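Values in this document were obtained by computation on a predicted structure and should not be read as measured data.
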Amino acid sequence: ARTKSSASWLARHLSDPFVKQAQKDGYRSRSAYKLIELQEKDRLIRPGMRILDLGSAPGGWSQVASRLVGSKGRVLATDILPMDSLRNVDFTQDAIVQQLHDWLGGDKFDLVISDIAPNLTGIDSADQASSIHFLELALDTVRGTLKPGASFVAKMFQGSGSDQYVKALRMHFEKVLIRKPAASRRESRE
């Protein structure tokens with residue numbers, strides 16, 4: 001039997017217009033529309049790029065990125081969760097920097113994207129700390145694998161530690177923008 005809160009979440013999820021649109025358009029998740037909106041605003045992805053997708057499962061962002069880089073581009077998707085295959089996307093569960101370098105063959109990524117989020121516990125302070133921890137790990141990966149002047153896009157929850165994280169980003173990037181795409185749920189601190 002479902003709890004009242006899980007039944008409420010499921011009803012809200014199934015009536016979500018982005019969930020319905022994702023099913024209609026063949027995207028693996030509603031989050032695909034977040035990256036699509038960012039692409040429309042900022043033109044982050046171009047044909048032929050090499051992109052790293054951190055925390056890729058179930059693969060919505062990888063689907064969008066793969067379509068935009070075309071046949072001459074490549075996307076490396078990595079997550080601790082399994083992900084079904086996609087054309088032009090290599091997937092690994094091993095997020096070891098040396099393996100990333102081997103995949104790149106001495107080159108670096110043109111873009112790193114991350115829709116990574118911890119498994120939420122419902123304890124705001126613990127969830128926020130886990131989210132910031134993942135973002136810090138992503139930034140460490142970015143520093144070692146991203147081309148100079150290239151871009152990094154990540155989901156961040158507003159809360160404790162987010163201001164300090166933005167300051168750290170400003171030390172490594174010339175321009176830091178904060179956006180809340182329409183596909184982010186209104187009640188989310190994303």
Could you state whether [X] and [Y] fall into the same hydrophobic cluster, counting links through intermediate Ile, Leu, Val, Met, Phe, Trp or Tyr residues with side-chain heavy atoms under 4.5 angstrom apart?
X	Y	result
Phe157	Ile178	no
Ile116	Leu139	no
Val176	Val112	yes
Val142	Ile132	yes

When rounded to the nearest 0.5 angstrom, what distance separates [atom1] in [X] from [atom2] in [Y]?
X	Y	atom1	atom2	answer
Glu136	Gln164	CD	CD	9.5 Å
Tyr33	Ser184	OH	OG	14.5 Å
Ser130	Leu135	OG	CG	11.0 Å
Gln128	Met156	CD	CE	8.0 Å
Leu44	Phe152	CG	CZ	12.0 Å
Asp127	Ser160	CG	OG	12.5 Å

For atom NE2 of His172, is the number of surrounding heavy atoms from other residues, nucleotides or ligands below 6.0 Å larger than 12?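 It does: His172 NE2 has more than 12 such atoms within range.
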
Side-chain touch [X]/[Y], heavy atoms, less than 4.5 angstrom:
X	Y	result
Lys20	Pro17	no
Arg50	Leu104	yes
Met171	Phe173	no
Tyr27	Val19	no
Val166	Gln158	no
Ile45	Leu35	yes
Trp103	Arg74	yes
Val153	Ser114	no

Nearest heavy atoms of [X] and [Y], plus distance in Å:
X	Y	answer
Ala22	Ser29	CB-O, 3.8 Å
Leu54	Ala138	CD1-CB, 3.7 Å
Ser62	Asp53	OG-OD2, 2.6 Å
Ala126	Thr121	CB-OG1, 4.3 Å
Ala57	Asp79	N-OD2, 2.9 Å
Leu146	Phe109	CD1-O, 3.4 Å

Establish, for the pair Arg28 and Trp61, whether the NZ or CZ atom is under 6.0 angstrom from the six-membered ring centre and no further than 45 degrees off its axis.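 Arg28 over Trp61 ring: no.
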
Look at Lys147 together with Asp110 and state whether they make a salt bridge at an N to O cut-off of under 4.0 Å.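 Salt bridge flag = yes for Asp110 with Lys147.
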
Could you walk me through whether Gln39 and Leu68 pass side-chain contact (heavy atoms from CB on, under 4.5 Å), step by step? CA-CA 9 Å; Gln39 173 66 13; Leu68 294 169; 3.7 Å; yes

Look at the side chain of Ser162 and the backbone N and O of Gly159, then say whether any donor-acceptor pair between them is shorter than 3.5 Å.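 Yes, the answer is positive, given that a donor and an acceptor are paired below the 3.5 Å cut-off.
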
